[in-house]
Number of protein chains: 2
Amino acid sequence: MASIKDVAAEAGVSVATVSRVLNDHPSVSADARTRVLAAVETLGYRPNAVARSLRTDQTHTLGLVISDVMNPYFTELARSVEEEARALGYSVIIGNADERPDLQDHHVRNLLDRRIDGLLVSPTDGGSPLMLDAVRAGTPMVFVDRWMPGVAVPVVRSDGRAAIRDLVAHLHGLGHRRLAIIAGPAATTTGQERVAAFREALRAYGLDLPDAYIGQGDFQAESGRRVTEGFLDLPEPPEVVFAADNLMALGALDAVRARGMRVPQDIALAAFDDIPWFVHTDPPITAIAQPTGELGRAAVRALVDRIEGRPPESVTLPARLVVRRSCGEPSPRNVAVDPVTNRSES
Amino acid sequence: MASIKDVAAEAGVSVATVSRVLNDHPSVSADARTRVLAAVETLGYRPNAVARSLRTDQTHTLGLVISDVMNPYFTELARSVEEEARALGYSVIIGNADERPDLQDHHVRNLLDRRIDGLLVSPTDGGSPLMLDAVRAGTPMVFVDRWMPGVAVPVVRSDGRAAIRDLVAHLHGLGHRRLAIIAGPAATTTGQERVAAFREALRAYGLDLPDAYIGQGDFQAESGRRVTEGFLDLPEPPEVVFAADNLMALGALDAVRARGMRVPQDIALAAFDDIPWFVHTDPPITAIAQPTGELGRAAVRALVDRIEGRPPESVTLPARLVVRRSCGEPSPRNVAVDPVTNRSES
DNA sequence: GGAACTCGTGGAATCGATTACACGACTCCG
DNA sequence: CGGAGTCGTGTAATCGATTCCACGAGTTCC
């Protein structure tokens with residue numbers, strides 16, 4: 001592969017001049033410029049990004065470490081991150097932590113070794129020493145969706161509290177009183193917050209959230225299934241199961257079906273994180289939708305601000321309730337416009 | 001960030017010795033080794049992968065350019081690719097082409113500039129000059145899922161012909177005679193092949209595939225919707241719609257529902273590419289499942305073989321039919337075990 | 001007319017690693 | 001005892017770019 005030296009030789013100039021042309025530095029004569037460009041063309045020369053990075057100490061690359069690529073929420077997040085990054089002249093390397101702290105650390109270490117310019121993380125746990133070190137060492141970092149409390153890193157996330165209040169209002173309006181939640185890992189902020197918000201919302205209606213109605217999940221479908229089976233085995237099973245993410249909701253749906261029970265007639269189901277597929281499930285699932293694309297874009301902008309020396313901003317965007325049929329027929333005032341079909345559902 | 005020089009100074013040896021310790025080269029004294037390792041520890045030194053790559057001309061990175069990350073099939077493919085690559089000591093940079101040749105070229109160029117060791121591509125079109133140049137220049141490359149005909153690059157894919165024959169047999173057994181297909185882009189091999197295999201399978205039953213029953217889609221949900229509406233507007237609409245990928249099947253399902261029609265009573269639906277969600281749709285969708293994970297792993301192995309100087313092998317694995325309820329009640333002998341729940345469905 | 005500038009250019013240092021080569025200290029063996 | 005190996009180590013070249021500095025030629029201005 002041709003190097004800058006070959007181009008210089010072909011154009012009859014020094015490598016310095018070639019470099020200047022390539023980085024359109026002003027002081028290059030028109031003559032030299034055309035000769036260099038011609039040489040670049042004939043040799044099919046492309047600058048070696050590795051060499052350039054070594055010299056400039058910039059890779060124009062962002063690292064994105066997410067908890068689970070197979071979760072459509074994170075897939076969409078990854079996609080919007082890549083789009084915004086590309087628009088700003090950066091590439092993205094994605095690391096899939098699969099909800100495993102050791103894998104998360106593997107990816108963070110790998111990305112740091114590659115000298116990425118900045119790191120976007122949705123931490124699987126509350127306190128990776130490796131990440132704390134990286135922050136302390138000055139690595140530009142932004143948390144997205146989840147974060148690590150007490151760490152001085154901007155956070156881009158959505159606040160689901162209002163939407164969870166709306167959900168509880170909706171459920172209460174349908175006559176449900178025994179509400180259970182499949183929680184996420186206690187080590188994640190989203191895992192904790194959603195339970196706290198749910199409990200708080202219930203209290204507003206004078207409802208309690210007994211321990212038996214809090215199932216410990218791990219954001220994966222299988223745990224949703226397991227926890228739901230536990231709920232159904234209770235002497236007094238809940239009337240509603242609220243899953244703290246979309247995959248656990250799917251597991252819950254499986255568990256309910258496996259018992260030959262029907263949603264919503266026998267038990268109602270709702271989920272945090274809306275995804276296109278929820279429109280097509282049987283029944284369509286009521287969910288809380290995050291502005292995922294906007295979160296990804298805002299996170300990239302915050303990170304690039306930090307990298308390029310501008311002050312980065314934390315961003316919190318509201319989530320919103322999308323009512324479908326999995327909790328029973330909604331009363332008319334709760335009808336929402338479906339984000340996928342753009343048609344209102346009844 | 002500490003460099004190899006700092007480590008050398010701290011340990012009181014030369015950089016050469018440090019490098020030897022790090023790459024566990026045999027001729028280093030035990031004494032020097034322990035001093036170097038101690039220095040590495042106290043400084044928290046991590047080798048700069050950029051510098052190492054420049055010198056060794058190896059990045060230990062693979063590029064993966066796929067057509068659409070939001071498609072669960074490709075998400076799963078990407079995941080298995082990353083896993084196998086990690087096991088073999090490589091990282092993966094994913095580029096999402098979004099079915100756009102220009103974006104595909106952007107990513108290929110970007111990856112080549114970064115001097116990735118090899119490229120895994122699922123081409124969106126039949127003949128990117130850029131990729132042809134890269135092949136000619138000797139870039140290790142492997143096609144996965146789709147390929148470019150006439151290019152000397154190993155292909156790892158699944159053969160759906162037998163499964164499509166099984167599908168047509170299943171449909172014929174249920175009494176369906178007017179079968180239509182939503183095709184993928186003609187520029188993709190998978191787009192063409194699935195239509196050809198479908199037509200061939202129909203012929204075995206003396207059935208025809210008229211032009212009116214071939215709709216041109218682009219592997220995206222919206223095109224599935226559009227094409228299906230066209231089918232439903234025909235004077236004699238088909239009894240079955242077979243979508244050449246999962247997203248178009250979803251679009252088709254939407255279109256059918258929007259007319260107030262039911263699957264499978266009013267029209268049957270089947271899809272190429274099975275995904276976990278198809279178990280949960282209303283009704284569960286009959287689909288042809290590819291061994292996606294195995295494809296991704298085989299593709300990585302082929303590529304790494306090529307990179308490390310071993311002869312790479314093309315791989316073709318069979319796809320298989322998974323019968324669910326979207327084409328009507330299957331007769332008992334067609335019952336298949338569901339890959340997600342591992343329970344047989346009736 | 002000469003000092004002061006500007007402009008275009010090239011030489012060479014530099015980024016952080018790897019590695020060929022040289023070299024001194026030992027060991028071994030005839 | 002001396003030549004030939006072996007072993008551990010350091011010096012320096014190298015990968016492919018960027019960029020500081022110096023320098024010659026041409027301009028400008030007093």
Side-chain angles (χ1 to χ4, degrees), chain A residues 1-40 43-61 89 109-117 137, chain B residues 1-40 43-61 89 109-117 137:
Chain A
M1 186 151 275
S3 83
I4 196 171
K5 275 188 203 149
D6 304 316
V7 176
E10 173 81 16
V13 296
S14 72
V15 294
T17 299
V18 175
S19 177
R20 288 191 192 98
V21 171
L22 266 38
N23 297 284
D24 44 35
H25 186 285
S27 71
V28 178
S29 67
D31 178 53
R33 161 164 281 114
T34 55
R35 294 223 310 284
V36 167
L37 292 177
V40 165
L43 295 176
Y45 169 76
R46 298 246 76 210
N48 183 325
V50 175
R52 192 194 293 245
S53 292
L54 176 60
R55 185 57 234 255
T56 61
D57 203 31
Q58 293 180 25
T59 49
H60 276 277
T61 304
R109 201 178 336 260
N110 181 27
L111 292 165
L112 292 176
D113 285 355
R114 288 166 185 275
R115 303 302 194 263
I116 44 117
D117 292 343
Chain B
M1 184 151 275
S3 83
I4 196 172
K5 276 189 204 151
D6 304 318
V7 176
E10 173 81 16
V13 297
S14 72
V15 293
T17 299
V18 176
S19 177
R20 288 192 191 98
V21 171
L22 265 37
N23 297 284
D24 43 34
H25 186 283
S27 70
V28 178
S29 68
D31 177 53
R33 162 164 282 113
T34 55
R35 294 224 308 286
V36 167
L37 292 177
V40 164
L43 295 176
Y45 168 76
R46 297 247 79 209
N48 183 326
V50 175
R52 191 193 294 242
S53 292
L54 176 61
R55 185 58 235 255
T56 61
D57 203 30
Q58 292 179 24
T59 50
H60 275 275
T61 304
R109 202 180 332 262
N110 181 28
L111 292 165
L112 293 175
D113 285 355
R114 286 166 186 276
R115 301 302 193 265
I116 44 118
D117 293 342

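We use all heavy atoms of the structure for the numbers below, so side chains are in, but hydrogens, waters and symmetry mates are not. Because the structure is a prediction, the values reported are computed rather than measured. Labels below follow one simple rule: chain letters A, B, ... track the order of the sequence lines, proteins then strands, and each chain is numbered from 1.
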Problem set entry | Test salt bridge (charged side-chain N to carboxylate O under 4.0 Å, His left out) applied to A:Arg46 - qualifying residues, sequence neighbours left out | B:Asp113

Exercise. Who passes side chain to side chain contact (heavy atoms under 4.5 Å, CB included) against A:Arg20, sequence neighbours left out?
Worked result: A:Ala16, A:Thr17, A:His25, A:Val28

For this session: Report the distance from atom CD1 of B:Ile4 to atom CZ of B:Arg52, rounding to the nearest 0.5 Å.
Result: 8.5 Å

Problem set entry | Range on DNA chain D touched by chain B, heavy atoms, distance below 4.0 Å | D:dG8 to D:dG16

Seminar exercise, completed: Under a 4.0 Å heavy-atom cutoff, the residues of residues 45-59 of chain B touching DNA chain D are B:Leu54, B:Arg55

For this session: Pick base, sugar-phosphate or nothing for B:Ser29, based on heavy-atom distances below 4.0 Å to the nucleic acid.
Result: sugar-phosphate

For this session: Determine, step by step, whether B:Val7 and B:Leu22 satisfy the side chain to side chain contact (heavy atoms under 4.5 Å, CB included) criterion, reporting the C-alpha distance in whole Å, the side-chain angles of both residues, the deciding distance to 0.1 Å, and the verdict.
Result: CA-CA 11 Å; B:Val7 176; B:Leu22 265 37; over 6 Å; no

Exercise. Through what angle, rounded to 10 degrees, does the axis of the helix from C:dG1-D:dC30 to C:dG30-D:dC1 turn between its ends, using five pairs per end?
Worked result: 50°

For this session: Report the residues that fulfil side chain to side chain contact (heavy atoms under 4.5 Å, CB included) with A:Arg35, sequence neighbours left out, ordered by chain and then residue number.
Result: A:Ala11, A:Val13, A:Asp31

For this session: Kindly write out the residues that satisfy side chain to side chain donor-acceptor pair (under 3.5 Å) with B:Asp57, not counting sequence neighbours, or none if the list is empty.
Result: none

Exercise. Of all residues at least two apart in sequence or in a different chain, which pass the side chain to side chain donor-acceptor pair (under 3.5 Å) check with A:Ser53?
Worked result: none

For this session: Verify side chain to side chain contact (heavy atoms under 4.5 Å, CB included) between A:Val50 and A:Leu54, making sure each step is shown before the conclusion.
Result: CA-CA 6 Å; A:Val50 175; A:Leu54 176 60; 5.8 Å; no

For this session: Could you list by number each residue of residues 10-26 of chain B showing a heavy-atom separation from DNA chain C of less than 4.0 Å, or answer none if no residue does?
Result: B:Ala16, B:Ser19, B:Arg20, B:Asn23

Problem set entry | Distance, nearest 0.5 Å, that separates CE of A:Met1 from CZ of B:Arg115 | 5.0 Å

Problem set entry | Non-neighbouring partners of B:Ala2 that pass side chain to side chain contact (heavy atoms under 4.5 Å, CB included), sequence neighbours left out | B:Asp6, B:Leu43, B:Tyr45

Exercise. Looking at residues at least two apart in the chain, or sitting in another chain, which of them share a side chain to side chain donor-acceptor pair (under 3.5 Å) with B:Arg114?
Worked result: A:Thr61, A:Ser91, B:Asn110

Problem set entry | Set of side chain to side chain donor-acceptor pair (under 3.5 Å) partners for A:Asp24, sequence neighbours left out | none

